[in-house]
Trainee: 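Here it is: the structure, laid out below.
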Amino acid sequence: MDPRSSDLRTYYDYQRRLTRVTFTGAVAVAVGLYGLGYVAVAKGLVLGSLFSVVNFVIMSRVLPYQIRAGGTRKKATSVAMLSFVLRMGLFAIPLFVALRNQQFQFWAVVLGLLTVQVAIFIDHVLLKHCLGLRST
């Protein structure tokens, strides 16, 4: 896969747009929660969302390397396993912080960790398939 290819550029544009919209939306919701007095929930949502976006960026950057390593199944599997372990370790950080620190509400962090998945679901399932809208 050539890094200058049109498909890869489109892929990175989608990843960039999705992460911006996701994090901006999470921060907007957190600001509203903060204004209503739910400070720990707002902080937890932002913390979880930040790590969700970082996780997605790592995953999207590693995927082309997995595809390029596709010539050897062992190499592609090793890259995938290393990426998975790194990303799950990354998810453990905000959960550990929330468990140890009362400033972050634990379940808000858990919900924050799911923000990219929710954004992908909204983009692909609801906007494209159910409503027939194109996200650009």
Side-chain angles (χ1 to χ4, degrees):
M1 209 181 228
D2 182 14
R4 297 174 303 252
S5 74
S6 172
D7 290 340
L8 196 55
R9 213 170 304 125
T10 302
Y11 168 74
Y12 285 133
D13 287 345
Y14 175 74
Q15 175 255 322
R16 216 173 289 116
R17 181 183 51 81
L18 185 72
T19 54
R20 283 183 187 146
V21 168
T22 300
F23 193 67
T24 302
V27 169
V29 169
V31 166
L33 289 168
Y34 188 85
L36 292 172
Y38 298 103
V39 177
V41 175
K43 287 180 178 182
L45 183 64
V46 170
L47 179 66
S49 297
L50 177 65
F51 277 82
S52 180
V53 166
V54 170
N55 175 58
F56 182 69
V57 169
I58 290 171
M59 185 174 57
S60 66
R61 296 297 173 162
V62 169
L63 185 62
Y65 293 110
Q66 280 181 262
I67 293 169
R68 274 187 239 136
T72 62
R73 184 181 204 130
K74 187 175 180 180
K75 198 174 198 181
T77 302
S78 298
V79 169
M81 186 57 72
L82 181 63
S83 169
F84 177 75
V85 169
L86 172 70
R87 292 182 302 107
M88 290 305 107
L90 190 67
F91 266 9
I93 294 169
L95 294 172
F96 183 76
V97 168
L99 284 173
R100 297 288 183 194
N101 193 336
Q102 295 296 317
Q103 290 182 349
F104 301 97
Q105 210 278 335
F106 179 78
W107 293 108
V109 172
V110 171
L111 288 175
L113 289 172
L114 298 173
T115 54
V116 170
Q117 290 86 344
V118 169
I120 291 171
F121 176 79
I122 290 170
D123 184 45
H124 284 294
V125 175
L126 296 179
L127 293 179
K128 287 183 182 175
H129 297 294
C130 293
L131 300 176
L133 300 173
R134 288 189 59 111
S135 62
T136 53

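Residue numbers start at 1 and run along the sequence shown.
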Trainee: Which pair of heavy atoms, one from Tyr14 and one from His124, lies closest together, and at what distance?
Mentor: OH-NE2, 3.2 Å

Trainee: If you compare all heavy atoms of Phe51 against all heavy atoms of Phe91, which two are closest, and at what distance to 0.1 Å?
Mentor: O-CE1, 3.9 Å

Trainee: Has the side chain of Thr115 got a donor or acceptor atom that lies under 3.5 Å from a matching backbone atom of Gly112?
Mentor: yes

Trainee: Is it true that atom CE of Met88 has more than 12 heavy atoms of other residues, nucleotides or ligands lying nearer than 6.0 Å?
Mentor: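 More than 12 heavy atoms, drawn from other residues, nucleotides or ligands, come within 6.0 Å of this atom.
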
Trainee: Taking all non-hydrogen atoms of both residues into account, name the closest pair between Ala42 and Ala30 and its distance.
Mentor: CB-O, 3.2 Å

Trainee: Any heavy-atom pair between the side chains of Val46 and Phe23 that's under 4.5 Å?
Mentor: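 The answer is yes, as the side chains (C-beta and beyond) meet within the 4.5 Å cut-off.
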
Trainee: If two hydrophobic side chains count as joined below 4.5 Å and joins carry through other members, does Leu113 share a cluster with Leu111?
Mentor: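 Not linked; separate clusters.
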
Trainee: Report the hydrophobic cluster partners of Tyr34, with the cluster defined as I, L, V, M, F, W, Y residues connected by side-chain heavy atoms closer than 4.5 angstrom, directly or transitively.
Mentor: Val39

Trainee: So, taking the atom named CZ in Arg17 and the one named OG1 in Thr22, what distance separates them when rounded to the nearest 0.5 Å?
Mentor: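 OG1 of Thr22 is found 9.0 Å from CZ of Arg17.
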
Trainee: Is it true that a side-chain atom of Ser83 and a backbone atom of Val79 form a donor plus acceptor pair closer than 3.5 Å?
Mentor: no

Trainee: Starting at CG of Asp123, measure out to CG of Leu18 and round the result to the nearest 0.5 Å.
Mentor: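 Separation between the atoms: 6.5 Å.
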
Trainee: I'd like to know if Phe96 and Val85 are part of one continuous hydrophobic network [Ile/Leu/Val/Met/Phe/Trp/Tyr, side-chain heavy atoms within less than 4.5 Å].
Mentor: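 Shared cluster, no.
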
Trainee: Answer yes or no: is there a donor N or O on one side and an acceptor on the other, between the side chain of Ser52 and the main chain of Val116, under 3.5 Å?
Mentor: yes

Trainee: Answer yes or no: is there a side-chain heavy-atom contact under 4.5 Å between Ile120 and Phe56?
Mentor: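 Yes, close enough: below the 4.5 Å cut-off.
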
Trainee: Which heavy-atom pair separates Thr24 from Arg20 by the least distance, and what is that distance?
Mentor: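 Residues Thr24 and Arg20, closest heavy atoms: OG1-O, 2.7 Å.
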
Trainee: Say whether Leu82 and Val62 are linked into one hydrophobic cluster, either directly or through other cluster members, by side-chain heavy-atom distances under 4.5 angstrom.
Mentor: no

Trainee: Taking the six-membered ring of Tyr12, is NZ or CZ of Arg61 closer than 6.0 Å to its centre and within 45° of its axis?
Mentor: yes

Trainee: Calculate, to the nearest 0.5 Å, the distance between atoms CG and CD1 belonging to Asn55 and Ile93 respectively.
Mentor: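 Spacing of CG (Asn55) from CD1 (Ile93) equals 11.0 Å.
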
Trainee: Output all residues satisfying salt bridge (charged side-chain N to carboxylate O under 4.0 Å, His left out) with Arg16, sequence neighbours left out; order by chain, then residue number.
Mentor: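 Checked Arg16 against salt bridge (charged side-chain N to carboxylate O under 4.0 Å, His left out); matches are Asp13.
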
Trainee: Using a 4.5 Å cut-off between side-chain heavy atoms of Ile, Leu, Val, Met, Phe, Trp and Tyr, which other residues end up in the same hydrophobic cluster as Leu45?
Mentor: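 Result for Leu45 is Val29, Leu33, Leu36, Tyr38, Val41.
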
Trainee: Should Ile122 and Val21 be regarded as members of a common hydrophobic cluster, given that ILVMFWY residues are connected when their side-chain heavy atoms come within less than 4.5 Å of each other, either directly or indirectly?
Mentor: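 No; Val21 is not reachable from Ile122 via cluster members.
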
